Structure formats: structure tokens, C-alpha cells
Amino acid sequence: MELNELKQAWQDMEQELQAQKRISAKLLAERTSSGLEASLRPLFRWQVVQIVIGVCLSALAGQFWVARADQTSLLVAGIIVHIYAIALIINGARVLMRFKEIDFSASVTTLQRRVARLEQTYVRSGWILGLPWWVLWIPVALMLLEMIGIDISRVPASSWMPGSIAFGILGMLLTVIGFQWARRSTRPGVRERVERMASGVNIDKAKRLLADVERFEQES
């Protein structure tokens, strides 16, 4: 084989290799896009459900406390639940906005940044909506008991409410302290497990998918 023919053959092989790389990159991008969207889709649906629940709960709580303006404990309970329902709507909408910011056809680096922002908003929302339940059960219980016809006025609030509130506040403090301890723990896997629990299964799956794709691109 002459030198010119050898050069031409080498160039042909190089072009074919580049074409295969472009095809592989395109297929990888398509699989990443579809896989990432599939991973996060349940999270999107749940936020929609959360907003619907918030709207329904807001209407229910609003009617409840307006009709009981002359009963201080029930009035306060209804207003607290009403505020929580609004928080459900707002936080659900914020997570949806972060989801909508994700362009699933973007580069891996861009997707990682967007997913990180989604995770940050979702985790913050989880704290805002989850931590108050240590004391939120009290107004919710008052509402439910009243709605099913149980007369709670026979049991003085002073006999159980201060202790319940104190227990709830202690529970919130211990939850925060425990979470901070776990995040700073040097024990193998403790921090990762806690952060995985906070971010949820769907976001964790999306992060692992992007990490695998990034590792594959680097190795390639």
C-alpha cells in the first residue's frame, strides 16, 4: 500500500471514528434526557397533588374558623391550619418552578446545577412543611374533633395543651439537632444516608444518573 493510500485509509478511519462518537454522544444525551425526566416526573406529580390538597385544605380551614369566630381556641386552630394550607400551595409551586427550569436537553454540567437548585428548594420545602407537625397536630386534632361532633370544651385546654406544645417544641429542637449532628458525622455513610432521605428518592436517582453519565463521558 502506497503512502497516499495509507494516509487516506487513516483519514477514513478517523472520520468513521468521529461519526461513531457523535452518534454515541447523541444517543447518550437522549437516554440521559429521558432517564432524568422519568426520574423526576413522580416528584412533579406529587407537587401538583400537594397544591390540590393545599387548595382544598385552605377552603375547609377558612370556612371552619370563619364560622367559629366566637370560640378562641377553634378560631386559632382554624387560622393555623389555614396558614399551613397556604404554605403547602406556595412550596409546591416553588418546587414546580424549579422543575420547569430544567432543560432536559442541556449539558450534564448544566443539568447538575439545575437539579441541585431543585434539590435545595425541595429540601427547604420539606423542612418548612414537615417540622411544624410536631405541634401542628394540635390544631388539626381540634378541627377534626369539632368537625365530627366531639365537644372538646368539656376538657380544659390548660390540662393538656401546654404539655403538648412543650413536647412538640422539644421534638422540633431534637430533630434539628439530630439532623445537624448527622450532617457533621464522620461515621461512614451517615451523612450520605441523611442527605439522601432529605432529598428524596426521585432527586437522588436523578443525581446518580447524572453522576454516571459524567463519569462515562470522562472515561470516554
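Keep in mind it's a predicted model, so treat the numbers as computed, not measured. Position 1 is the first residue of the sequence, and the numbers go up from there.
- Evaluation of the salt bridge (charged side-chain N to carboxylate O under 4.0 Å, His left out) rule for K207 yields E119 as partners, not counting sequence neighbours.
- For residues 77-91, the set of pairs meeting the side chain to side chain donor-acceptor pair (under 3.5 Å) definition, not counting sequence neighbours, comprises S58-H82, W65-H82, Y84-W133.
- Residues satisfying the side-chain contact (heavy atoms from CB on, under 4.5 Å) criterion with Q71, sequence neighbours excluded, are R68, L74.
- Listed by chain and number, the residues in a salt bridge (charged side-chain N to carboxylate O under 4.0 Å, His left out) with R117 are E101 (sequence neighbours excluded).
- Considering only residues two or more places apart in sequence or on other chains, I83 meets the side-chain contact (heavy atoms from CB on, under 4.5 Å) condition with I79.
- Sorted by first and then second residue, the side chain to side chain donor-acceptor pair (under 3.5 Å) pairs involving residues 38-56 (not counting sequence neighbours) are E37-R41.
- For S125, the side-chain hydrogen bond (donor to acceptor under 3.5 Å, both in side chains) test picks out no residue, with sequence neighbours left out.
- M97 CE: 12 or fewer foreign heavy atoms inside a 6.0 Å radius.
- With sequence neighbours left out, R94 forms a salt bridge (charged side-chain N to carboxylate O under 4.0 Å, His left out) with no residue at all.
- Applying the under-4.5 Å side-chain rule to Ile, Leu, Val, Met, Phe, Trp and Tyr, the cluster around I177 consists of that residue alone.
- Relative ring orientation between W127 and F179 is described as perpendicular, the plane-to-plane angle rising above 60° on a 0-90° scale split at 30° and 60°.
- Listed by first then second residue, pairs satisfying ring-ring contact (aromatic ring centres under 6.0 Å, His included) with a partner in residues 186-209 number zero, not counting sequence neighbours.
- Under the side-chain contact (heavy atoms from CB on, under 4.5 Å) criterion, V76 pairs with T72, I80, not counting sequence neighbours.
- Taking S164 as the reference, nothing meets the side-chain hydrogen bond (donor to acceptor under 3.5 Å, both in side chains) condition, with sequence neighbours excluded.
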